[in-house]
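Proteins get letters first, then strands, A, B, ... in listed order; numbering begins at 1 in each. What's counted below: heavy atoms across the whole structure, side chains too, no hydrogens, waters or symmetry copies.
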2 protein chains.
Amino acid sequence: MEPEIQVFRDFIRKRGLRGTKEREAIVREILTTQDHFDVDELYFRLKKTAGVSKASIYRTIPLLIEAGLINEVYLENGHMHYEHVYGRDHHCHLRCRICRVIVEVTDPRLTQIEREIASRNNFVSEGHKLEIVGVCPSCQNQHPMA
Amino acid sequence: MEPEIQVFRDFIRKRGLRGTKEREAIVREILTTQDHFDVDELYFRLKKTAGVSKASIYRTIPLLIEAGLINEVYLENGHMHYEHVYGRDHHCHLRCRICRVIVEVTDPRLTQIEREIASRNNFVSEGHKLEIVGVCPSCQNQHPMA
DNA sequence: GTATCTGCAAACCCTTTGCAATAAG
DNA sequence: CTTATTGCAAAGGGTTTGCAGATAC
């Protein structure tokens, strides 16, 4: 049993919610997702195996976020994207403005800075998101003036 | 003449676009905005003075971004927000998860880290956005368990 | 058995767009 | 005069929701 399945079942039980096959199918599908996804992609992947409606996906996502399995990611595409975060190093996104490729990078200094900035302002810190925008090596070659 | 008006006029001329009273009104209204805003807020503020349609606001925003006067801000409210950035220190956002208040903070180390991460990945870096989420002092008192 | 969950379709909301009239250069 | 821009209203696209039937507990 993957730990995330257990985490989700515990979360569901603690909340007094019900463990349905749709919710399990969504969690299992997300387990196989290594990079970013959106609702449509998840819907079409689930269609092949479990057939979960989009409404149920939209209603399950807040639960997955609260359970700590996924995070919202803003990708400037006009709609929300998500990433599988449970059990992974916290990372930030280096995004190419031209081809939109995303490189995930980790830097331990960021967590340190997060804590410092939060405590300097008397906040209890719960996490951070850093996005760096630029032009990737391959787009630099194709658009040397960009 | 505020420098931003001049920057915008130069941008418009360089692009071969036309300087209309609607575009000027939008720039002037944004000049008076110190914190974050969205299209609706801008629309209602302009209604009192200039009466610019939402369509024109939506069509002008990409120009303001390209001219370097404003930036997009993601606020988890389901729609886009913007901030007035021209001539200001780059800053990041410390946001309270409960009351949604936003504190702007600057930290010179972030720019350093941005450059390092970008160059380590052979990216040409163009900027970064850091958001720290947590609980502000006042919400800590009102919801001690949060 | 009872309350929650699902799927469907409609509603919602923000944003974009087609078009005829207007205005800038 | 020519072409870009505006305002309106309709269309678009992602997300949410009301409801009746299904299902977990």
Side-chain angles (χ1 to χ4, degrees), chain A residues 5 8-30 36-67 70-83 100, chain B residues 5 8-29 36-67 70-83:
Chain A
I5 305 270
F8 188 67
R9 287 185 183 167
D10 291 348
F11 173 84
I12 288 291
R13 190 178 314 117
K14 206 169 296 173
R15 279 297 193 78
L17 304 174
R18 291 180 181 175
T20 66
K21 62 182 184 315
E22 288 84 358
R23 286 172 176 166
E24 285 260 332
I26 292 170
V27 174
R28 284 183 191 288
E29 190 59 48
I30 283 169
H36 306 97
F37 63 93
D38 60 22
V39 168
D40 252 49
E41 287 163 30
L42 191 53
Y43 173 68
F44 284 111
R45 283 200 281 139
L46 282 164
K47 210 156 153 178
K48 293 176 190 159
T49 56
V52 179
S53 72
K54 277 193 193 177
S56 291
I57 295 175
Y58 277 111
R59 285 187 272 230
T60 301
I61 279 175
L63 304 177
L64 299 169
I65 293 174
E66 283 190 69
I70 65 173
N71 249 350
E72 293 183 324
V73 182
Y74 302 100
L75 287 188
E76 302 193 351
N77 279 334
H79 65 277
M80 194 57 79
H81 291 242
Y82 304 91
E83 63 182 351
R100 293 191 159 160
Chain B
I5 305 268
F8 189 67
R9 288 186 183 166
D10 291 349
F11 173 84
I12 288 292
R13 190 176 315 117
K14 206 170 295 172
R15 280 297 194 78
L17 305 175
R18 290 179 182 178
T20 66
K21 62 181 185 314
E22 289 83 359
R23 286 173 175 164
E24 285 260 331
I26 292 171
V27 174
R28 284 183 190 286
E29 190 59 47
H36 307 95
F37 63 93
D38 60 22
V39 168
D40 252 49
E41 287 161 31
L42 191 52
Y43 174 68
F44 283 110
R45 284 200 280 140
L46 281 165
K47 211 156 153 179
K48 293 175 192 160
T49 56
V52 180
S53 72
K54 276 193 193 175
S56 289
I57 294 174
Y58 277 111
R59 285 188 273 230
T60 301
I61 280 176
L63 303 178
L64 298 170
I65 293 174
E66 283 191 70
I70 65 173
N71 249 349
E72 293 183 325
V73 182
Y74 301 100
L75 287 189
E76 302 192 351
N77 279 334
H79 64 277
M80 194 58 78
H81 290 242
Y82 305 90
E83 63 183 352

Quiz item: Do you know the tightest heavy-atom contact between A:Ile26 and A:Leu42?
Solution: CG2-CD2, 4.3 Å

Quiz item: Got a second to check how far B:Thr60's OG1 is from B:Glu22's CD, nearest 0.5 Å?
Solution: 8.5 Å

Quiz item: Are side-chain heavy atoms of A:Glu72 and A:Tyr82 found at a separation under 4.5 Å?
Solution: yes

Self-check item: Contact letters for nucleotides 15-25 of chain C, in which S counts primed atoms plus P, OP1 and OP2 and B counts the base, heavy atoms under 4.0 Å
Solution: BBBB----BBS

Quiz item: At their closest point, which heavy atom of B:Ala25 faces which heavy atom of B:Leu46, and how far apart are they?
Solution: O-CD2, 3.6 Å

Practice problem: Any chance you could measure A:His81, atom NE2, to A:His36, atom NE2, to the nearest 0.5 Å? | Solution: 9.5 Å

Self-check item: Side chain proximity check, A:Asp40 to A:Lys54, heavy atoms < 4.5 angstrom
Solution: yes

Practice problem: Could you pick out which residue, A:Ser53 or A:Gly16, lies toward the 5' side of DNA chain C when each is mapped onto its nearest nucleotide? | Solution: A:Gly16

Quiz item: C:dC8 C1' sits how many Å from A:Ile57 CD1, rounded?
Solution: 14 Å

Quiz item: Pick the nucleotide of DNA chain D nearest each of B:Tyr43 and B:Arg23; which residue has the one closer to the 5' end?
Solution: B:Arg23

Quiz item: Do B:Tyr74 and B:Met80 touch side chain to side chain, with heavy atoms closer than 4.5 Å?
Solution: yes

Exercise. Shoot me the first and last contacting nucleotide of DNA chain D against chain B, ordered 5' to 3', at under 4.0 angstrom to non-hydrogen atoms.
Key: D:dT3 to D:dC8

Exercise. Evaluate the side-chain proximity of A:Asp38 to A:Asn77: yes if any heavy-atom separation is below 4.5 Å, no if none is.
Key: no

Exercise. Five pairs at each end of the helix from C:dG1-D:dC25 to C:dG25-D:dC1: take the axis at both ends and give me the angle between them to 10°.
Key: 40°

Quiz item: In whole angstrom, what separates A:Lys47's NZ from C:dT6's C1'?
Solution: 17 Å

Quiz prompt | Passing candidate, side-chain contact (heavy atoms from CB on, under 4.5 Å) with B:Phe8, options B:Arg23, B:Glu24, B:Arg28 | solution = B:Arg23

Quiz item: Are any non-hydrogen side-chain atoms of B:Ile5 and B:Arg9 less than 4.5 angstrom apart?
Solution: yes

